[in-house]
Amino acid sequence: MQRRQFLTLWGLSLPLVSSCAARLPAFPAPSAGPALPEASDWQQFQQQLQGQLLGHDHDEFVWRAKSANSRFDQQVPAVIVRVASSADVQLTLQFVRRFNLPFAIRGGGHSYTGLSGTAGLLIDLGLLQQIHYADGQARIGAGAKLGDVYAALGVYQQSIPAGSCASVGIAGLMQGGGLGIADRMHGLTCDALLEAEIVTADGQLLRCNANQHADLFWALRGGGGGQLGVLTELSFRTFPTAPVRNYIGRYPLKNGEQVLTEWQRWAAQLPDTVWTQLAIWVNGGSKNAPEIQIRCCGIGHQADVTQAWQQLENRLSGLWGDVDMQDHLYLDFMLSDCKGLDSNQCKLPSQHDAGKLKRVAMAGSSDMFNKILPAAGCQALLSAMRKRAQQGQTGAVLLTLMGGAIAAKPRDFNAFAHRHALFSAQYLSIHPEHSDESLLAKSAAWCHQMRYQMRRWSSGGAYLNYTDGLIKHPAIAYYAGHYARLQQIKRQYDPQGLFRQRQGIKV
């Protein structure tokens, strides 16, 4: 058996600091390399740890072992280390290096390809959840979830540009870019980062900003999570919030060509104060007919949003559509999935024992489009979705307008490689928790096939937070012209390749 594979736990029991007993992992003897940790090594590690070391016998292990994406529930870690400080991260990486142990880092655990899971040692950042605000800046622990960030900053009527999924981890979101309804006005999540604290492969705790370790700071902002070190704290520039005006229009898929064509032409001319997304939904298990949904909203600037929507309605005046408009307080809108829930309930069951948010099995892929889709591109996209509906399958395509403050930054502002995309595409398939893996694998293949079918019109780019394990040339798709610089930075800060991902930056 390979060294980087773990066996299921043997009957080795050690007392925990909490006075509970848990089984800690034992490994087969390696053919070469460092000796594997013995009982005394685990006990010494545990005694130095400020956080928690969870073996399989710990009461919390079963639910904490799971990631957000239930597709990877069979990927059970041998042990979970819940780090409580930067010193804990340094200690854990020292232990990992000493024994050459396989490991993964988890913030929120939403990876489509299971990057936040392992059969080895799982570094859980969940205890690093402090959030402090002062003078237009937020200092946030790397394990904080987005819902907690919004709630804590909402007290001051401030926020950061980010998405609407409350259970997402802030560190992973930022490192992949960070799309959301504020990005056309305020940029991506990674654009708002002012400073980061990180433990690198050699165990150093570094503070990175525009003046200190500026190259590493550049790479962390959009270069992908868990590739250059373990983030422990982030400092962001915030913006003042305002009420959100939100329009939703629903149109039958049979009118898709006209809806998609007019939406693109309309969206390409919108002011930066207006955000929009077109989604094509197909649900084989539902009685609802496939449809196209268009969302149009803005933070403040209600007149801009209303004027924009009226222009779209004029373009689609000959079609039947179901339109709804609502005004929301910003915090209510961003935490709409958590209505009626407290802060602990506004999490997944894999993140808190009181969590009420629903876990699902997900697969996805993505595209970046620099130009409006021509008629042939619209037809190809819609034909694929109609075929999916006819087959009784589930799937979605979400086209999201970019531009605005995203494109206003220089191409090399940070490691995010798709500044000049007009809109992004997310190909998505969502299934109930515990769905059969054969079904999920087929859905992942379909998501990737959508990318293949649209290749004639896309830039070839892909969004790092929607990883697709079937992409053959990830360096080009995810990093584009930034890959060579990212490699150089990787060689400087992780020359031995301690942080490894199959589609990641290679040393």
Side-chain angles (χ1 to χ4, degrees), residues 6-26 37 39 42-43 45-85 87-89 91-92 95-96 101-111 114 116-130 141-148 166-172 230 232 338 341-360 433-434:
F6 277 55
L7 291 179
T8 54
L9 300 184
W10 290 356
L12 176 62
S13 295
L14 292 174
L16 288 176
V17 172
S18 62
S19 78
C20 297
R23 291 184 175 182
L24 296 178
W42 285 110
Q43 189 161 21
F45 173 59
Q46 178 186 351
Q47 289 171 347
Q48 295 175 313
L49 195 69
Q50 300 171 42
Q52 295 176 292
L53 183 63
L54 308 185
H56 281 217
D57 282 353
H58 195 282
D59 292 342
E60 298 182 7
F61 183 90
V62 172
W63 56 269
R64 288 203 182 276
K66 296 177 180 179
S67 66
N69 189 350
S70 76
R71 184 182 181 190
F72 301 101
D73 281 356
Q74 301 305 314
Q75 191 179 51
V76 180
V79 65
I80 302 173
V81 182
R82 303 199 72 219
V83 293
S85 64
D88 272 1
V89 175
L91 177 69
T92 303
F95 194 78
V96 163
L101 302 180
F103 72 99
I105 308 160
R106 179 177 297 168
H110 286 73
S111 171
S116 49
T118 178
L121 185 150
L122 179 63
I123 302 175
D124 183 342
L125 302 179
L127 294 176
L128 302 177
Q129 56 184 328
Q130 71 279 4
K145 308 303 181 287
L146 195 52
D148 290 333
S167 58
V168 162
I170 186 62
V230 182
T232 56
C338 296
L341 304 179
D342 64 29
S343 60
N344 292 331
Q345 293 170 332
C346 182
K347 290 182 176 62
L348 294 165
S350 55
Q351 296 172 342
H352 196 283
D353 58 359
K356 297 292 186 182
L357 299 183
K358 190 175 181 180
R359 294 178 73 238
V360 294
E433 188 177 10
H434 308 312

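We number each residue from 1, following the sequence as shown. None of these values were measured; they are calculated from a predicted model.
Using a 4.5 Å heavy-atom cutoff, the side chains of L122 and V79 are not in contact. At a threshold of 4.5 Å between non-hydrogen side-chain atoms, the residues I80 and H58 do not count as touching. In this structure the side chain of L125 reaches within 4.5 angstrom of the side chain of V230, judged on heavy atoms. Using a 4.5 Å heavy-atom threshold, the side chains of F103 and T118 count as separate.
For the pair Q129 (side chain) and K145 (backbone), a donor-acceptor distance under 3.5 Å is absent. At distances below 3.5 Å, at least one donor-acceptor pair connects side-chain atoms of D88 with backbone N or O atoms of G51.
Sorted by first then second residue, the side-chain hydrogen bond (donor to acceptor under 3.5 Å, both in side chains) pairs that include residues 62-71, not counting sequence neighbours, are E60-R64, R71-E437.
A pairwise comparison of heavy atoms in D148 and K347 identifies OD2-NZ, 2.8 Å as the closest pair. Taking both residues in full, the closest heavy atoms of S85 and L128 are given as N-CD2, 3.5 Å, listed atom of the first, atom of the second, then distance. The minimum heavy-atom distance linking P37 with L101 is given by the pair CD-CD2, 4.1 Å. Nearest heavy-atom pair across P77 and H56 is O-NE2, 2.9 Å. For the residue pair V81 and L53, the shortest heavy atom distance occurs at CG2-CD1, 3.7 Å. The nearest pair of heavy atoms linking S116 to G109 is OG-CA, 3.1 Å.
Applying the side-chain hydrogen bond (donor to acceptor under 3.5 Å, both in side chains) test to T92 and every residue at least two apart in sequence or in another chain returns nothing. Every residue two or more places apart in sequence or in another chain that forms a side-chain hydrogen bond (donor to acceptor under 3.5 Å, both in side chains) with Q52 is listed here: R82.
Using the six-membered ring where Trp is involved, F95 and W42 have ring planes that are tilted, between 30° and 60° apart.
One finds the OG atom of S167 at 4.0 Å from the CG atom of L348 (value rounded to the nearest 0.5 Å). Here the CD atom belonging to Q50 is positioned 10.5 Å from the CG atom belonging to L127, to the nearest 0.5 angstrom.
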